[in-house]
Amino acid sequence: MSFIKISEILKGCLENQEISIRGWVYRKRQGKNLIFLLVRDSSGFIQCTVTKNSAGWNEADKLTIESSVSLKGSAKPDKRAPGGFEISVDTISIIGLAEIFPITKDQSTDFLRNVRHLWLRSRKMNLIMKIRSKILDFTRTFFKNNTFVEVSPPMFISAAVEGGSTLFDLKYFDQTLYLTQSSQLYLEILIYSLEKVYCIAPSFRAEKSRTIRHLTEYWHIEGEWPYAKMSNLMDFQEALLSYICEQTLLNCKTELEELKVDTNKLTLVQSPFPRITYTESIDILKKKGSEINWGADLGYEEEKIIAQEFGRPFFIYDYPTAIKAFYCKTYKDKPELAMSVDMLVPRIGEISTGGAREDDKQLLIDRMNAIGLNIEDYSWYLDLRRYGTVPHVGFGLGLERLITWMLDLDNVIDSIPFPRTTRRFYP
RNA sequence: GCCGCCGUGGCUCAGCCCGGUAGAGCGACUGGCUGUUAACCAGUUGGUCAUAGGUUCGAAUCCUAUCGGCGGCGCCA
């Protein structure tokens with residue numbers, strides 16, 4: 001017996017044919033002589049009717065919410081049915097009879113987070129995960145179209161990428177290793193072989209942040225690009241984001257509609273994005289009454305004020321060297337400025353950070369000494385500047401923050417199937 | 001790390017201010033119902049009020065501590 005997807009029936013080309021489907025019982029309404037089953041599979045929902053005189057009645061009578069079933073019947077259009085189509089059932093076979101399902105009409109976010117393994121069956125989660133998958137597809141296609149090579153960096157690392165305070169450490173046989181915070185340094189290694197490279201991999205941050213935009217494990221879209229400049233980097237990122245939004249609008253129409261996403265916002269994501277320097281952003285903030293001074297890092301509140309100015313994704317670049325990481329390249333004539341660029345969106349704030357990497361061995365060592373890093377921990381990184389160094393730029397984009405912004409979700413938690421936060425790691 | 005809010009049947013909440021021994025809806029169960037749209041009607045079931053201590057004749061209610069959760073800031077993507 002071959003089974004068809006519910007979405008095929010809803011397209012309307014299987015009218016009055018005998019068909020079989022497999023799925024789960026989403027709703028059940030029972031009368032004396034008639035049972036309505038709303039059955040879902042990965043593709044959608046369809047109402048099925050079972051009459052008392054049909055062979056399937058006894059099985060339908062036993063069915064509980066979330067039981068898995070296969071059923072045979074004929075599909076026909078019916079105005080009374082949600083979705084416009086209905087299956088009149090001949091036979092039903094119960095695959096797995098469900099116990100009483102804990103998720104009912106009344107739900108709180110706290111409860112749904114406790115039963116996340118069951119909540120993932122909901123229509124909302126189903127749709128978000130489908131779009132997430134598509135966004136990953138679009139991202140890979142865009143990199144591929146721009147001749148980047150996808151690489152697989154390690155998650156176990158032996159030394160910090162940046163500070164060290166936000167690293168998770170773990171027992172690795174008799175030693176201590178860490179979970180990676182970013183794959184950037186490893187991508188930098190690979191450009192010396194493959195040139196343009198990218199990866200889509202998890203990053204781990206032991207930050208005790210309590211916000212709607214932080215996860216301790218998140219998926220990081222990172223790229224490194226030899227010989228490119230800051231302007232190339234911004235061009236590339238805005239083209240990537242525009243492509244993702246454009247393709248999502250094109251390919252996820254029904255999903256976006258069902259999730260009630262404001263597609264207008266996505267239509268506005270087109271090159272060029274507004275670009276302002278850090279110094280300009282300080283001027284804007286001062287005009288708005290902020291007491292921030294040049295040299296201070298922009299906090300979430302400051303970012304929010306500027307984001308409201310634009311109402312769409314934008315860049316802030318050329319930050320003070322003092323507030324940026326050791327590998328950030330500085331301007332020769334203005335060493336107090338670092339070639340660093342953040343991409344920001346309204347409500348969420350930073351969704352990507354990138355910039356030019358210091359490619360001069362001595363300048364890099366000077367920077368590391370100034371910050372107090374142990375040079376020996378990074379000897380392999382310095383080797384990259386020792387043997388045929390090249391200028392290069394790169395960036396890292398937070399996938400969950402991007403999805404949360406695009407779909408206007410309440411919390412990054414809903415953009416990933418199994419979120420890890422400071423307090424939650426189950427299941 | 002700092003600040004704020006929350007914790008009452010399986011789920012969602014009321015009761016707390018002003019102390020008198022817990023109430024509703026949903027679910028589940030039983031029965032009824034000729035097409036329902038998270039149906040409807042009737043009945044039944046179900047809670048040491050997060051935990052520990054204190055005040056009191058008496059605590060879900062007032063006080064203290066602890067635990068758990070959510071959110072804001074900082075940090076970041």
Side-chain angles (χ1 to χ4, degrees), chain A residues 25-38 40 45-53 64-66 78-84 86 88 98-115 118-119 122-123 161-167 180-184 200-222 237 296-304 323-325 341-345 348-354 395-405 410-413 415-416 421-424 426:
Chain A
V25 178
Y26 194 68
R27 302 271 186 271
K28 181 182 178 182
R29 288 180 282 274
Q30 188 155 1
K32 195 178 179 185
N33 299 307
L34 190 60
I35 295 173
F36 296 96
L37 297 173
L38 193 57
R40 63 169 181 87
F45 295 77
I46 191 158
Q47 176 163 289
C48 307
T49 56
V50 189
T51 53
K52 191 148 198 177
N53 54 17
T64 50
I65 300 294
E66 285 302 313
D78 192 313
K79 277 186 204 152
R80 295 169 297 184
E86 183 172 274
S88 145
E99 295 176 26
I100 298 161
F101 198 63
I103 301 176
T104 61
K105 186 172 83 177
D106 297 311
Q107 311 150 348
S108 63
T109 52
D110 182 53
F111 176 67
L112 294 179
R113 286 172 191 183
N114 290 337
V115 291
L118 302 175
W119 179 236
S122 68
R123 188 62 178 158
V161 173
E162 294 178 37
S165 57
T166 62
L167 280 172
T180 187
Q181 285 178 308
S182 160
S183 298
Q184 180 200 319
I200 302 176
S203 280
F204 305 88
R205 304 267 166 110
E207 295 160 355
K208 288 186 178 168
S209 306
R210 309 204 41 75
T211 77
I212 57 157
R213 56 189 186 281
H214 281 87
L215 294 166
T216 53
E217 178 184 32
Y218 69 95
W219 284 73
H220 213 167
I221 298 166
E222 294 179 276
Q237 286 192 74
D297 207 353
L298 301 176
Y300 181 65
E301 278 306 308
E302 283 82 33
E303 290 174 2
K304 208 157 80 180
I323 57 171
K324 285 293 165 181
V341 55
D342 286 354
M343 182 160 59
L344 298 93
V345 295
I348 307 295
E350 298 166 30
I351 62 166
S352 98
T353 290
F395 73 100
L397 172 71
L399 175 63
E400 287 76 20
R401 286 191 179 176
L402 174 64
I403 296 172
T404 303
W405 177 73
D410 293 335
N411 193 310
V412 271
I413 276 178
S415 66
I416 184 168
T421 65
T422 47
R423 307 297 173 102
R424 287 186 192 267
Y426 171 90

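In the text below, chain A, chain B and the rest are named by the order of the sequence lines, each starting its count at 1. Note that this is a predicted model, so its numbers are computed, not measured.
The CD atom of A/Gln181 sits 11 Å away from the P atom of B/rC76 (whole-angstrom rounding). A/Phe45 places its CZ atom 11 Å from the P atom of B/rA38, with the value rounded to the nearest Å. With rounding to whole Å, A/Ile103 atom CD1 is found 14 Å from B/rA28 atom P. Regarding A/Lys208, its NZ atom lies at a distance of 4 Å from the P atom of B/rG1, rounded to whole Å. Taking atom CZ of A/Phe101 as the reference point, atom P of B/rA28 lies 13 Å away to the nearest angstrom. As rounded to whole Å, 9 Å separates atom P of B/rG1 from atom CZ of A/Arg423. The CD-C1' distance, from A/Glu207 to B/rG72, rounds to 16 Å in whole Å. Straight-line distance from the CD1 atom of A/Ile413 to the P atom of B/rC70: 7 Å, rounded to whole Å.
Applying the 4.0 Å criterion to OP1 and OP2 of B/rC73, one finds that A/Arg213 has a side-chain N or O inside that range. For the pair A/Ser108 and B/rU12, the criterion of a side-chain N or O lying under 4.0 Å from OP1 or OP2 is met. Between A/Lys32 and B/rC33, a side-chain N or O to OP1/OP2 separation shorter than 4.0 Å is present.
Taking atom C1' on both B/rC13 and B/rC6, the two are 14 Å apart, rounded to the nearest angstrom. Taking atom C1' on both B/rC40 and B/rU34, the two are 14 Å apart, rounded to the nearest angstrom. Comparing the C1' positions of B/rA24 and B/rC67 gives a spacing of 30 Å, expressed to the nearest Å. Distance check on atom P: B/rU64 versus B/rG4 gives 13 Å, rounded to whole Å. For the C1' atoms, the distance linking B/rA22 with B/rG68 amounts to 24 Å, nearest Å. Straight-line distance between the C1' atoms of B/rA14 and B/rG7: roughly 15 Å, to the nearest whole Å. For the P atoms, the distance linking B/rC62 with B/rC17 amounts to 5 Å, nearest Å. Across the P atoms, B/rC63 and B/rC5 are found 13 Å apart, a figure rounded to whole Å.
In summary, the side chains of A/Glu207 and A/Thr216 do not present any donor paired with an acceptor at a separation below 3.5 Å, with no hydrogens or angles considered. Residues A/Glu99 and A/Thr64 bring no donor and acceptor atom of their side chains to less than 3.5 Å of each other. Looking at A/Arg205 and A/Tyr218, their side chains do bring a donor and an acceptor atom within 3.5 Å of each other.
If you check every strand for non-hydrogen atoms under 4.0 Å, A/Arg113 touches sugar and phosphate atoms only. Residue-level contact check: A/Glu222 touches neither bases nor backbone, having no heavy atom under 4.0 Å from any strand. Looking at heavy-atom distances under 4.0 Å, A/Leu215 makes contact with a base. Using a 4.0 Å heavy-atom criterion, one finds that A/Ser209 contacts the bases of the nucleic acid, with or without backbone contacts as well. Residue A/Glu400 is out of contact with every strand shown, counting any heavy-atom pair closer than 4.0 Å. Counting non-hydrogen atoms under 4.0 angstrom, A/Thr104 reaches a base of the nucleic acid. A/Leu397 comes within contact range of no nucleotide atom at all, as no heavy-atom separation falls under 4.0 Å. Using a 4.0 Å heavy-atom criterion, one finds that A/Asn411 contacts the sugar-phosphate atoms exclusively. Looking at heavy-atom distances under 4.0 Å, A/Gly299 makes contact with sugar-phosphate atoms alone, never a base. A/Asp342 comes within 4.0 angstrom of no nucleic acid atom, judged by non-hydrogen atoms across all strands. As judged by a 4.0 angstrom heavy-atom cut-off over every strand, A/Phe36 is placed among the base-contacting residues.
Considering only side-chain atoms of A/Lys105, the nucleotide from B/rU36, B/rA38, B/rC75 that sits closest is B/rA38. Listed candidates were B/rA77, B/rA38, B/rC70. Nearest to the side chain of A/Arg424 is B/rC70. Picking from B/rG72, B/rA77, B/rG69 the nucleotide with the shortest atom distance to the side chain of A/His214 gives B/rA77. Nearest nucleotide to the A/Arg29 side chain, out of B/rA77, B/rG35, B/rU36: B/rU36.
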request  = Can you run through RNA chain B from 5' to 3' and write each base as (, ), [, ], | or . depending on how it pairs? Watson-Crick or G-U wobble, both distances under 3.5 Å.
outcome  = ((((((((.[[[[.)....(..]]]].(((((.......))))).....[[[[[..)....]]]]])))))))....

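Using a 4.0 Å cut-off between a side-chain N of Lys or Arg and a carboxylate O of Asp or Glu, A/Asp110 and A/Arg424 qualify as a salt bridge. Ion pairing between A/Arg40 and A/Glu66 holds under the 4.0 Å rule for side-chain N and carboxylate O.
The base of B/rG35 sits with one of its N or O atoms less than 3.5 Å from a complementary donor or acceptor on the side chain of A/Glu86. In terms of polar N and O atoms assigned as donor or acceptor, the side chain of A/Gln30 never comes within less than 3.5 Å of the base of B/rU36 in a complementary pairing. Judged by distance alone, with hydrogens and angles left aside, A/Arg210 brings a side-chain donor or acceptor within reach of the base of B/rG71, the pair sitting under 3.5 Å.
Remark: side-chain polar atoms of A/Gln47 are not paired, donor with acceptor, to backbone N or O of A/Leu38 under 3.5 angstrom. Side-chain atoms of A/Ser209 do not come within 3.5 Å of backbone N or O of A/Thr211 as any donor-acceptor pair. Using modelled atom types, one side-chain atom of A/Glu400 and one backbone atom of A/Trp219 make a donor-acceptor pair closer than 3.5 Å. Put simply, the side chain of A/Ser352 never gets that close to the backbone of A/Leu397: no donor and acceptor are under 3.5 Å apart.
Remark: A/Arg213 qualifies as a cation-pi partner of A/Tyr300 under the 6.0 Å distance and 45° angle criteria applied to the six-membered ring.
Scored by the side-chain hydrogen bond (donor to acceptor under 3.5 Å, both in side chains) test, A/Glu302 finds no partners at all (sequence neighbours excluded).
Residues A/Ile65 and A/Pro102 each lie close to RNA chain B; by heavy-atom proximity, the contact nearer the 5' end of the strand is made by A/Pro102.
Remark: ring of A/Tyr300 does not overlap the six-membered base ring of B/rG74 in a stacked fashion, as centroids less than 5.5 Å apart with planes less than 30° apart are not both met.
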